[in-house]
Amino acid sequence: MANNLGKRYSCAECGGQVLVTKAGDGGLECHGQPMEIMQPKPLPSSD
Amino acid sequence: MAGATLDPRLLAPGAGPSPAELVAADLGGGPALLRIEGSAPSWAELAGAFDLWTTDPAEADRWAKGFDRAPRAAMCGALLVRAASVSGDPWPGLVAESTTYSLLQAGPEFREWLEHRPRAARADARPRVRVERDDRCWEVVLTRPDRHNALDARMRDELYVALDEARSRPDVTVALRGDGPSFCSGGDLDEFGTAPGPVDAHAVRLGRSLALLVSEMRDRIVVGIHGACLGAGIELPAFARRVVAADDARVGLPELDLGLVPGAGGTVSIPRRAGSPALLDLLLSGGTVDARAALAHGLVDEVVPGARLRARVLELARR
């Protein structure tokens, strides 16, 4: 699993978040479980 | 407002040799009308001194009418084009464009358009983007056919997620196209005026810039356009190295009618593809050009029958 630059991952257990500042292979784990990639939150129209 | 400072500078047809028949418009100020008589400057001097030039009075008339519709927006568009670099990093140009767009959102021409446009609230929560992934080529499809794929905030966010994911996968190529009668009719007019203010809109526009994503992936994204390709519907494709148009494509920049300039990167992407005069021509004319004319201008790279569009885009993306 690739960790992509600029992506945020969160832990479902503790709510902790990490921000990837250097891309690379491997998994991110917290509380013994894979962390989930966070989707960007919806933003309002810019028009 | 000080009208004289915003008047287009026109060179009217004269009686002299061909350069004196030049009709040109300088959208940044100066005298309202210059008539050249006697010895004329060279074509090169004139081309360098004016934003646009033509030997066709009808074309000059279209530009002047565009200018009259929204002189502030036209002036801002011309200033952007003059300041933009046509190569290298697109980011400074995108920042300048967004700044100008937000400035115009706070201006009188956009306010007047908002007051007179019909109101409709037809937002729905259906998906706006479908991604079909195979190993190396992802087909990214706009899925709002009943609205000609009008780009609203939901579609922007979904497209941003899809393209951002593809961008982070250097082994993946993207074929971008739209479902229904059109590729994309531009920003969703129903959302115009709903931005949380010009400053926050600036932050959203640049923080979630589809233009930057397409630009960064330009060598591995192929865009197929058809039907109405207006505003963002041509501004974003123009960043890609390869754009295929169906023969029914109609390309245009309607922003001036709203008192705005292109806001999806078009003042960067279109000059880089087709030259600065092509951008100002589209902006001031306000109409659309057909697929053949778009090809002649360099706005698209090839034209295919509509029934062939998807196959051709996938073929190119899979190379």
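Numbers restart at 1 for each chain; the letters A, B, ... are given by sequence-line order, proteins then strands. Since this is a predicted model, take the numbers as computed values, not measurements. Below, each value reflects all heavy atoms present in this structure, side chains not excepted, and no hydrogens, waters or symmetry copies.
Using a 4.5 Å heavy-atom cutoff, the side chains of B/V161 and A/P40 are in contact.
In this structure, the separation between OG on A/S45 and CG on B/L151 is 9.0 Å, given to the nearest 0.5 Å. Rounding to the nearest 0.5 Å places CD of A/Q39 at 8.0 Å from CD of B/E165.
Judged purely by atom type and a 3.5 angstrom limit, B/D157 uses its side chain to pair as donor or acceptor with the backbone of A/L43.
The two residues A/D47 and B/Y101 make their nearest non-hydrogen contact at OD1-OH, 2.6 Å. Smallest separation of non-hydrogen atoms from A/K41 and B/R208: O-NH1, 2.5 Å. B/V204 and A/P44 get closest at one heavy-atom pair: CG1-O, 3.5 Å.
Residue B/R133 qualifies as enclosed at atom CZ: its count of foreign heavy atoms under 6.0 Å is above 12. Counting non-hydrogen atoms of neighbouring residues, nucleotides and ligands closer than 6.0 angstrom, the CD atom of B/E112 reaches no more than 12 such neighbours.
Contact tally against chain A (heavy-atom pairs below 4.5 Å) for B/E191, B/R169, B/E158: the top residue is B/E191.
The salt bridge (Lys or Arg N to Asp or Glu O under 4.0 Å) search around B/D89 returns none, not counting sequence neighbours.
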TODO: Show your working on side chain to side chain contact (heavy atoms under 4.5 Å, CB included) between B/R156 and A/S46 and close with a plain yes or no.
DONE: CA-CA 10 Å; B/R156 176 204 61 205; A/S46 62; 4.3 Å; yes

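Proximity to chain A involves both the backbone and the side chain of B/R205, based on heavy atoms less than 4.5 angstrom apart.
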